[in-house]
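No experiment lies behind these values; they were computed from the predicted model shown. Proteins get letters first, then strands, A, B, ... in listed order; numbering begins at 1 in each.
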2 protein chains.
Amino acid sequence: MIEGRKIPAATISRLPIYLRELGDINREGEHVVSSRLLAERTGLTSEQIRKDLAYFGAFGTRGIGYDVRHLDLAIRRILGLTAEVPVAVVGAGHLGTALIRHLQRRESGLFVAAVFDSDPQKQGQRTGGQVVLAAEMISEVVRKAGITLAAIAVPSPSAHETLRRLAEGGVGAILNFSPVKLEHPRVVVKNLDLSTELQALAYYGPGAGGERAG
Amino acid sequence: MIEGRKIPAATISRLPIYLRELGDINREGEHVVSSRLLAERTGLTSEQIRKDLAYFGAFGTRGIGYDVRHLDLAIRRILGLTAEVPVAVVGAGHLGTALIRHLQRRESGLFVAAVFDSDPQKQGQRTGGQVVLAAEMISEVVRKAGITLAAIAVPSPSAHETLRRLAEGGVGAILNFSPVKLEHPRVVVKNLDLSTELQALAYYGPGAGGERAG
DNA sequence: GGCTGTGAACGGCTTCACAGCG
DNA sequence: CGCTGTGAAGCCGTTCACAGCC
C-alpha cells in the first residue's frame, strides 16, 4: 500500500522504536534484518511491524528482509527527521533540563534549538549549550528559527499562555508535561503528566488487578 | 456493571484525570458534578466517562449527577490510593528529581518513600526530603518498606539490573523512562521514553501529516 | 426533564492466514 | 523455501441511542 493516507497514530508512535533498534543493529554490523528479529528485539509482533511499514511502501525484499540502513533512512523520511529537527523547550526546571539532556545523548534526529523560562534568574544562564531566553520571546524566536516542535515543562498556571505563544510562533506539535488539558486547532498536543501516569500504575502495583499496561 | 472484571487499560489511565478534576471541583465548592461537565473540563466525552465509571459500579444519581467527594473516594479506592502509596525512585538525575518534585506538589495519593542512585557522589545527599541510597540496597529497602510502585530514571545500561532488583523487592508496577524494552512476568512495566515521544511528534510537527496524537 | 447506566452499532487497530515474490 | 505484503477476520474500545430512575 503506497501512500494510501490515513496512518494510524499507533503506527506513528512505533516508528521511533524501529528507528532506535535499527541504529543498534547497524552498529552491530548487520546489514539486513527480518521483521521477526525486529519483533523479538522490540517486543512487538512481526505482522505488526510489516503492516506498519507497508503503510508507507514496500521497503523489504521477500525471502530476505529489510536493508537496515535503507529502512532507517525511510523511517527518518517519514517522520521528517532526515535533517536535524530543531526543538524548543519551555521551562528550564528539572524536567526541562532532563529532556534537554535526553535529546543531547542519542542521535535522535532532534536537537534543542531554544530554551525558554519565565524566571529572570534562569534567563541568560546556559542549559545544555543554550542560553535560556525569556518566555516573552517565544513567538518571535520560534518563528524566526522555523521551529515546529516543542515541549512544555512549565508549572500549570503558565501552560495555556505557553501554548498560545508557541502556536503563534508556528509550532505544529507539542509534548505537554503539565497536568492541564491543552488544545489548539492548529497544533497537535500530546499530554503526558508524570503524576497521572504513576497514579494509573498504582492500580497494577499490588499485582491484584489486570496485567497489561502501555 | 458491578465487578464484571476485565477493565480496559484505557479506562484505568483516565481515572487519575477524573481524580484531578474532582479535586479542583471540590476546591471550587461544588458538591455535585455531571458527566457532561466533567467531559467539558477534561476534553473527553460524557459517554466515555459514564462508561468508565460504570465498570466499577453505579456511583451516580440519575437526574442529578455524581457526588464529588463520594466519586473521588471511589476512584481512589479503585486505584488503591486511599492511603498514601509509597513510591521508589531509582536514579537521582534531572529526570528522577523532576519526578520527585512532581509527586511532592499536588496531593496525588503518592509519596516518594525511597530514592536510589548508583553514583556514590549522590548517595547520602538529600533529594526532596529523602536520603539517596545505593542501588545495591534496592531489593532490601523496597521489601522492608512494602513498596509496590517504582520509577526507573537511570541510564540504559543499568535499566535491566534495576528492574531485577525492584522485582526482587516485590515491586508490582514500574514506570520506565529508559529507552530499553523492560519485561518481567510479575511486574507491569509502562515504558515511556521522552526522546521517542518527541520523535513521534515530529511527524505531526510540519502540520502536513495527520492531526491526532494521544 | 435531566442525567445516569448500558446494550448495540461502529470504527480502528491487531492478528490471522496466505498469496506473491526473490 | 523464506520472508514480505496484504485482504479478511477478530477484537477492543468508543460512540450512539435509549431505557431507567430521580
| query | Touch check for A:S35, heavy atoms < 4.0 angstrom, all strands: base, sugar-phosphate only, or nothing? | reply | sugar-phosphate

| message | When you measure from the side chain of B:E21 to the backbone of B:L38, do you find a donor-acceptor pair of N or O atoms at a distance under 3.5 Å? | response | no

| task | Measure the distance from OH on B:Y18 to P on C:dT4 and round it to the nearest whole Å. | result | 12 Å

| Taking CZ from A:R36 and P from D:dG5, how many angstroms apart are they, rounded to a whole number? | 16 Å

| query | Is the phosphate of C:dG2, meaning OP1 or OP2, less than 4.0 Å from a side-chain N or O of B:Y66? | reply | no

| Roughly, in whole Å, what's the span from CG in A:L53 to P in C:dT14? | 13 Å

| OP1 or OP2 of D:dG13 under 4.0 Å from side-chain N/O of B:Y55 | no

| query | Once you round it to whole Å, what is the distance between P of C:dT6 and CZ of B:F56? | reply | 13 Å

| message | For B:R36, is the CZ atom crowded, meaning more than 12 foreign heavy atoms sit under 6.0 Å from it? | response | no

| said: Taking atom CZ as the centre, does B:R101 end up with more than 12 heavy-atom neighbours from other residues, nucleotides or ligands that are less than 6.0 angstrom away? | reply: no

| message | How long is the straight-line distance from CG of A:L99 back to CD of A:Q104, given to the nearest 0.5 Å? | response | 10.0 Å

| What does nucleotides 15-22 of chain D look like as a protein-contact string, B for base, S for sugar-phosphate only, - for none, at under 4.0 angstrom between heavy atoms? | BBB-BBBB

| task | In plain terms, say whether A:R69 and A:D72 are close enough for a salt bridge, that is, a side-chain N and a carboxylate O under 4.0 Å apart. | result | no

| What is the distance, rounded to the nearest whole Å, between atom CG of A:L71 and atom C1' of D:dG5? | 14 Å

| B:R14 side-chain N/O to D:dT14 phosphate OP1/OP2 under 4.0 Å | yes

| query | Looking at residues at least two apart in the chain, or sitting in another chain, which of them share a side-chain contact (heavy atoms from CB on, under 4.5 Å) with A:V32? | reply | A:I64

| query | Should A:R41 and A:E30 count as an ion pair when the cut-off is N to O under 4.0 Å? | reply | no

| Taking CD1 from A:I49 and C1' from C:dC13, how many angstroms apart are they, rounded to a whole number? | 15 Å

| remark: Atom CG of A:D67 and atom P of D:dC3 are separated, to the nearest Å, by 16 Å

| Atom CG of A:D52 and atom C1' of D:dT6: how far apart are they, to the nearest Å? | 13 Å

